[in-house]
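Encoded as structure tokens, the structure appears first; notes follow it.
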Amino acid sequence: MHIELRCFATLSRFTPANTDAFPLPEGATVSDVLQQLGIPVPEVKIIFINGVRHDPDKELHEGDRLGLFPAVGGG
């Protein structure tokens, strides 16, 4: 299966070349994506799948849009 993948802010350094058709095996979860990309789980604070917030154990499906966001600071 393939998903659309976006890594934002400080996570952008982990963005693979094929973000519009990122290949995954059936039944893969967000945690599987993080592991495959080498992103430490604690660095990801917000996970959106198709515009809805989810946890890392959420299973992904063909055509899903996955957005990964780090903690954002400011002040």
Side-chain angles (χ1 to χ4, degrees):
M1 83 172 158
H2 293 86
I3 64 165
E4 183 180 320
L5 172 64
R6 298 289 185 261
C7 300
F8 294 93
T10 58
L11 297 178
S12 64
R13 69 185 186 273
F14 295 103
T15 301
N18 55 344
T19 59
D20 290 331
F22 187 74
L24 290 171
E26 292 295 324
T29 65
V30 174
S31 291
D32 295 329
V33 172
L34 298 180
Q35 182 178 8
Q36 187 172 342
L37 295 176
I39 301 174
V41 175
E43 286 193 33
V44 179
K45 297 300 179 197
I46 301 172
I47 298 165
F48 282 110
I49 301 171
N50 302 323
V52 179
R53 193 169 180 173
H54 287 282
D55 293 321
D57 61 346
K58 176 70 175 166
E59 186 175 325
L60 296 162
H61 302 282
E62 179 71 37
D64 278 348
R65 292 175 291 118
L66 173 62
L68 303 173
F69 296 82
V72 179

Rounded to the nearest 0.5 Å, the NZ atom of K58 sits from the CG atom of L66 at a distance of 12.0 Å
Minimal heavy-atom distance between G67 and F8, with the atoms involved, is CA-CE1, 4.1 Å
**Request:** Please examine the side chains of P70 and K45, heavy atoms only from C-beta on, and report whether any two atoms are closer than 4.5 Å.
**Result:** no
**Prompt:** M1 versus D64: any side-chain heavy-atom pair under 4.5 Å?
**Reply:** no
Q) Do I49 and V44 belong together in a cluster built from hydrophobic side chains that touch within less than 4.5 Å? A) yes
With a cut-off of 3.5 Å and sequence neighbours excluded, list every side-chain donor-acceptor pair involving residues 29-42.
residue	atom	partner	partner atom	Å
T29	OG1	S31	N	3.4
T29	OG1	D32	N	3.3
T29	OG1	D32	OD2	3.3
S31	OG	P56	O	3.1
D32	OD2	T29	N	2.8

* Asked: Any salt bridge between D20 and R65, counting N to O under 4.0 Å?
  -> no
Note: F14 and E43 closest approach over all heavy atoms is CE1-OE1, 4.0 Å
Practice item. Answer with yes or no whether the hydrophobic clustering places F48 together with F22; edges join I, L, V, M, F, W, Y residues whose side-chain heavy atoms lie under 4.5 Å apart. Key: no
Here the gap from N50 atom CG to E4 atom CD, rounded to the nearest 0.5 Å, amounts to 9.0 Å
Check for a donor-acceptor pair, side chain of E62 on one end and backbone N or O of I3 on the other, with a separation under 3.5 Å.
no
